[in-house]
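Data first, discussion second: the structure below is written as structure tokens.
One is the number of the first residue; the rest follow in order along the sequence. When a ligand or atom number is given, it counts from 1 through the structure's own listing order. Because the structure is predicted, anything quoted here is derived from the model rather than measured.
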Amino acid sequence: MQVENWQARTFTNADGEERTVRSGDVMDPTGRCRLTSWGEMSPEPGAFLHLKGARVQYWQGSPDLVIDSAEQVIDLSDPPWDAIDPADHWVEVDLTDLVNGGSRRGIRTSGTVVAIANNSGIIERCPECRRVMRDGECAEHGPQRGEEDVRLRFVLDDGVSNASTLIGKEATEALTGMDQGQIRDAIDASTRAGFIATLRERFLARKLHINGRAMVDTQGAILMADSVEVDTRTPEEAANEVMARWGVVL
Ligand SMILES: [Zn+2]
């Protein structure tokens with residue numbers, strides 16, 4: 001697999017010992033995932049690694065690879081595939097297949113916006129746990145001075161399945177063409193309801209392409225979007241494309 005980034009974090013465990021855990025995002029042609037190492041290793045971004053006997057551990061529903069020793073890693077100077085561009089490595093997965101499968105990173109999927117949540121726009125996060133606060137309170141930590149963040153919450157639907165979709169600050173700013181300050185000003189000027197109404201006007205019933213990851217559990221699927229594109233084709237163009245692909249003649 002190809003290493004995208006790598007970090008080391010030191011902490012003190014329950015026995016008072018100092019431990020270092022190293023982790024990073026890794027990719028192969030089928031997708032990407034997280035690699036955690038308890039052995040000392042510091043691969044450069046772009047390095048190719050071959051792992052022996054890695055374990056799989058589930059973290060927030062996503063399968064992560066874990067190795068316990070640096071000896072489980074072979075650094076390949078001769079990569080088994082052409083270098084992958086991390087900024088553009090997304091595996092296309094049908095929304096219904098995602099909803100019915102397990103959690104995955106590095107996916108690209110699409111669906112039509114069928115709902116936009118009222119708490120889209122500026123939100124307050126708990127400074128302790130980063131959870132979204134309601135009415136100045138965190139469900140876990142009580143009343144807090146929240147930290148302002150930007151997020152959109154859409155529901156995407158492909159006609160068969162749907163998934164709640166969280167669009168973080170960077171992707172929201174790119175999608176709306178507004179930065180955090182402009183979004184705050186828009187909400188102040190026209191109330192949150194007015195801001196949500198403009199979002200609905202712009203995005204409801206539009207088809208979106210999402211790059212990001214899917215978290216799937218018994219409650220359903222949540223897509224976390226790293227970037228979002230609006231499908232600018234008219235329904236007619238989209239229909240023609242489908243007919244051309246499947247050889248349909250009217
Ligand atoms: Zn909290």
Side-chain angles (χ1 to χ4, degrees), residues 5-25 32-36 38 57-66 98-99 102-107 113 115-156 162-176 178-188 191-196 199 210-228:
N5 55 60
W6 197 253
Q7 306 90 31
R9 189 169 61 84
T10 302
F11 63 95
T12 308
N13 71 9
D15 298 329
E17 295 167 303
E18 196 157 274
R19 304 242 6 223
T20 300
V21 59
R22 295 169 170 80
S23 62
D25 293 307
R32 67 173 87 193
C33 77
R34 193 96 189 140
L35 171 66
T36 296
W38 293 99
Q57 176 180 290
Y58 283 82
W59 168 251
Q60 293 179 340
S62 270
D64 288 4
L65 292 171
V66 181
L98 268 186
V99 169
S103 297
R104 290 182 66 171
R105 289 172 187 269
I107 51 93
V113 181
I116 296 177
N118 285 323
N119 60 356
S120 292
I122 301 285
I123 52 164
E124 302 247 296
R125 289 193 186 278
C126 170
E128 304 274 338
C129 66
R130 306 292 298 153
R131 250 175 265 191
V132 178
M133 306 196 333
R134 265 168 212 252
D135 305 321
E137 283 195 32
C138 169
E140 181 84 19
H141 297 99
Q144 296 282 342
R145 182 181 292 268
E147 287 170 6
E148 189 184 273
D149 196 9
V150 174
R151 186 193 71 176
L152 301 179
R153 204 152 65 86
F154 289 1
V155 177
L156 292 192
N162 61 64
S164 190
T165 304
L166 297 178
I167 304 170
K169 181 180 159 168
E170 248 177 67
T172 296
E173 290 180 336
L175 179 66
T176 59
M178 300 162 85
D179 66 19
Q180 184 163 344
Q182 289 169 318
I183 293 172
R184 191 191 312 111
D185 291 346
I187 293 172
D188 288 347
T191 73
R192 183 174 289 268
F195 176 70
I196 299 293
L199 286 180
I210 300 284
N211 295 332
R213 64 195 168 101
M215 297 197 298
V216 184
D217 63 18
T218 52
Q219 309 285 312
I222 299 179
L223 303 177
M224 314 282 280
D226 287 344
S227 61
V228 180

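Sorted by first and then second residue, the side-chain hydrogen bond (donor to acceptor under 3.5 Å, both in side chains) pairs with a member in residues 132-150 read Arg125-Asp149, Arg130-Glu147, Glu148-Gln180, Glu148-Arg184; sequence neighbours excluded.
Contact of the Asn162 side chain with the Leu156 side chain is not registered, since no non-hydrogen atoms from C-beta on lie closer than 4.5 Å.
Within the protein, the N, O or S atoms sitting under 2.8 Å from the Zn ion (ligand 1) are Cys126 SG, Cys129 SG, Cys138 SG, His141 ND1.
Inspection of the Asp25 and Asn5 side chains reveals an N or O donor paired with an N or O acceptor under 3.5 Å.
For the pairing with Phe11, the side chain to side chain contact (heavy atoms under 4.5 Å, CB included) check across Glu18, Arg19, Glu17 returns one residue only, Arg19. Evaluated for a side chain to side chain contact (heavy atoms under 4.5 Å, CB included) with Arg151, the options Ile123, Ile167, Thr172 yield exactly one hit, Ile123.
Around CD of Glu128, the count of heavy atoms belonging to other residues, nucleotides or ligands within 6.0 Å exceeds 12.
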